[in-house]
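Report on one structure; see the data block that follows.
Counting from 1, the numbers follow the sequence of the chain as shown.
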Amino acid sequence: MKFFRITSALAAMLVIGILGGCAAKDPGTPPEVLIDGVSVVVGQTTPKELEDQGFETNAKELFLLKMPDNSWTSSIFLRKDSTSYASLTLVNDSREEKLVNQCVIEELGFYALDDTNSGLNISINGVNPIGMTQEALKEAYPDLELDDDTGDYLFHYLRDGEYTIRFDYNHGVLTDIDVTHEFDKSYESK
């Protein structure tokens with residue numbers, strides 16, 4: 001009888017361990033990104049949805065009209081009225097070739113925010129971080145993970161499950177922002 005109790009207890013612990021290990025990872029909540037007042041949800045929005053709002057990409061200029069199955073590219077830029085807003089990483093995670101404008105935006109990159117793009121109309125979780133000092137950024141985003149390096153180049157992160165926002169500082173000035181949703185980078189890059 002004692003053997004039966006020990007065996008039952010071990011079996012119960014094993015089942016709990018297996019079920020606990022199989023628990024789904026919290027996917028997190030996508031950040032609220034507005035570009036010129038238009039919502040972009042990394043991991044969900046497609047360029048086609050943005051084209052319907054007056055944006056365009058440089059895909060045709062690159063002669064990149066379709067993406068093969070299980071592929072990704074980071075060579076696309078989002079524009080509106082001759083203003084370049086962001087670089088896009090697009091993913092086709094299907095088993096079929098897709099038009100570029102129907103692939104999912106998995107990453108948004110905002111660059112040269114201290115220079116050429118300092119006047120962009122963007123907001124992330126209700127805040128336009130362009131021009132913010134690191135102290136102001138920490139006030140605006142209390143969950144911000146600050147880089148503990150003391151060098152000239154600092155990287156601060158907001159993480160929520162599969163979503164990450166990275167703020168890059170060069171000599172104390174915000175230069176770049178990357179908003180990403182995790183995707184399988186084992187896909188073929190185009």
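Between Asp178 and Ile165 there is no side-chain heavy-atom pair separated by less than 4.5 Å. Phe55 places a side-chain heavy atom less than 4.5 Å from the side chain of Ile35. Counting heavy atoms from C-beta outward, Leu90 and Pro47 have side chains that approach closer than 4.5 Å. Between Thr89 and Thr73 there is no side-chain heavy-atom pair separated by less than 4.5 Å. Here the side chains of Thr164 and Leu158 are not in contact, with every heavy-atom distance at 4.5 Å or above.
In this structure, the side chain of Asp168 does not engage the main chain of Thr175 through any donor-acceptor pair within 3.5 Å. Checked by atom type and distance alone, the side chain of Asp81 never pairs as donor or acceptor with a backbone atom of Thr83 at under 3.5 Å. Between the side chain of Asp114 and the main chain of Leu174, no donor-acceptor pair closer than 3.5 Å is present. Between the side chain of Asp93 and the backbone N or O of Asn70 there is no donor-acceptor pair closer than 3.5 Å. Using modelled atom types, no side-chain atom of Asp36 and backbone atom of Asn121 make a donor-acceptor pair closer than 3.5 Å. A donor-acceptor pair is defined here as one N or O able to donate and one able to accept, closer than 3.5 Å; no such pair exists between the side chain of Gln44 and the backbone of Val41. At distances below 3.5 Å, not a single donor-acceptor pair connects side-chain atoms of Asn92 with backbone N or O atoms of Cys103. At least one donor-acceptor pair under 3.5 Å links the side chain of Lys138 to the backbone N or O of Pro142. Within the 3.5 Å criterion, the main-chain N or O of Pro68 finds no donor-acceptor partner in the side chain of Lys98.
Taking the six-membered ring where the residue is Trp, the centroids of His181 and Tyr163 are separated by under 6.0 Å. In this structure, the ring of Tyr169 has its center no less than 6.0 angstrom from the ring center of Phe155. For Tyr157 and Phe167, the ring centers are positioned 6.0 Å apart or more.
The number of heavy atoms from other shown groups lying within 6.0 Å of NZ (Lys80) is above 12.
Linking ILVMFWY side-chain heavy atoms closer than 4.5 Å, directly or via other members, places Leu154 and Leu146 in a single hydrophobic cluster. Under a hydrophobic clustering in which Ile, Leu, Val, Met, Phe, Trp and Tyr are joined whenever their side-chain heavy atoms come within less than 4.5 Å, directly or via other members, Ile177 and Val38 fall into the same cluster. Both Val127 and Phe110 belong to a single network of hydrophobic side chains, linked directly or stepwise wherever heavy atoms of I, L, V, M, F, W or Y lie under 4.5 Å apart. If you chain together hydrophobic residues whose side chains sit under 4.5 Å apart, Val33 and Ile130 fall into the same group. Cluster membership for Leu137 and Leu108, using ILVMFWY side-chain heavy atoms within less than 4.5 angstrom, is shared.
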Determine, stepwise, if the pair Val40 / Leu50 fulfils side-chain contact (heavy atoms from CB on, under 4.5 Å). CA-CA 8 Å; Val40 179; Leu50 298 177; 3.7 Å; yes
Run the numbers on Val104 and Thr45 for side-chain contact (heavy atoms from CB on, under 4.5 Å), then give the verdict. CA-CA 6 Å; Val104 175; Thr45 302; over 6 Å; no
Salt bridge (Lys or Arg N to Asp or Glu O under 4.0 Å) assessment of Arg159 paired with Glu145: CA-CA 8 Å; Arg159 301 176 208 265; Glu145 299 170 18; 2.9 Å; yes
For a side-chain contact (heavy atoms from CB on, under 4.5 Å) check, start with the C-alpha distance between Tyr141 and His156, then their side-chain angles and the critical distance, and finish with the verdict. CA-CA 11 Å; Tyr141 303 107; His156 307 314; over 6 Å; no
Stepwise side-chain contact (heavy atoms from CB on, under 4.5 Å) check, Asp152 with His171: CA-CA 5 Å; Asp152 293 333; His171 297 282; 3.0 Å; yes
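To the nearest 0.5 Å, atoms CG (Asn58) and CZ (Phe77) are separated by 6.5 Å. Here the straight-line distance linking atom CD of Glu106 with atom OG of Ser74 works out to 13.0 Å at 0.5 Å rounding.
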